Amino acid sequence: MMIPFSGGKIIATAFEVVVKLEGSHMVTLQAQNDAITLIGRGANVISANGSETKWSVKIDNEQQLIELSQQISGEIQ
């Protein structure tokens with residue numbers, strides 16, 4: 001599933017999340033689903049924290065977070 005947002009796009013599968021940030025330099029962030037935390041309540045942040053991964057991205061709205069949550073079977077905190 002692909003979810004577009006103002007900074008690029010989120011690609012979610014059953015096993016991983018890839019965030020492609022668009023701009024003058026293309027940046028790709030990738031993490032396995034078990035390293036992903038979804039932070040709601042107006043923050044609308046995807047956070048990845050694993051043994052070799054640490055990044056976070058603020059997305060546009062809670063609907064995008066809900067769509068991602070459904071795709072990766074993750075709970076929004």
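These figures come from a predicted structure and were not determined experimentally. The first residue of the sequence shown is numbered 1, and numbering continues consecutively from there.
If you chain together hydrophobic residues whose side chains sit under 4.5 Å apart, Leu68 and Ile76 fall into the same group. Phe5 and Val45 are members of different hydrophobic clusters when ILVMFWY side chains are connected at heavy-atom separations under 4.5 Å. Clustering ILVMFWY residues whenever any of their side-chain heavy atoms sit less than 4.5 angstrom apart, transitively, puts Ile3 in the very cluster that holds Val57.
For CD of Gln32, the number of neighbouring non-hydrogen atoms (other residues, nucleotides, ligands) closer than 6.0 Å is 12 at most. Within a 6.0 Å sphere centred on NZ of Lys58, heavy atoms belonging to other residues, nucleotides or ligands number more than 12.
In the hydrophobic clustering, Val18 connects to Met2, Ile11, either directly or through intervening members, whenever side-chain heavy atoms lie under 4.5 Å apart.
Separation of atoms CD (Glu62) and CG (Asn44) is listed at 6.0 Å; rounding is to 0.5 Å. To the nearest 0.5 Å, the span separating OG on Ser69 from CD on Gln64 amounts to 13.5 Å. The CH2 atom of Trp55 lies 8.5 Å from the CG atom of Leu21; values are rounded to the nearest 0.5 Å. Separating the NZ atom in Lys54 from the CG atom in Leu29 is a distance of 14.0 Å, to the nearest 0.5 Å.
Taking 4.5 Å as the limit, some side-chain heavy atom of Ile46 sits within range of a side-chain heavy atom of Ile10. Ser47 is not listed as a side-chain neighbour of Ile36, based on a closest heavy-atom distance of 4.5 Å or more.
With sequence neighbours excluded, the residues that form a side chain to side chain contact (heavy atoms under 4.5 Å, CB included) with Gln70 are Ile66.
At least one donor-acceptor pair closer than 3.5 Å links the side chain of Asn33 to the backbone N or O of Ala14.
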Could you go through the side-chain contact (heavy atoms from CB on, under 4.5 Å) check for Asn49 and Thr37 one step at a time?
CA-CA 8 Å; Asn49 193 358; Thr37 302; 5.9 Å; no
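Sorted by first and then second residue, the side chain to side chain donor-acceptor pair (under 3.5 Å) pairs involving residues 1-29 (not counting sequence neighbours) are Ser6-Asp60, Glu16-Gln30.
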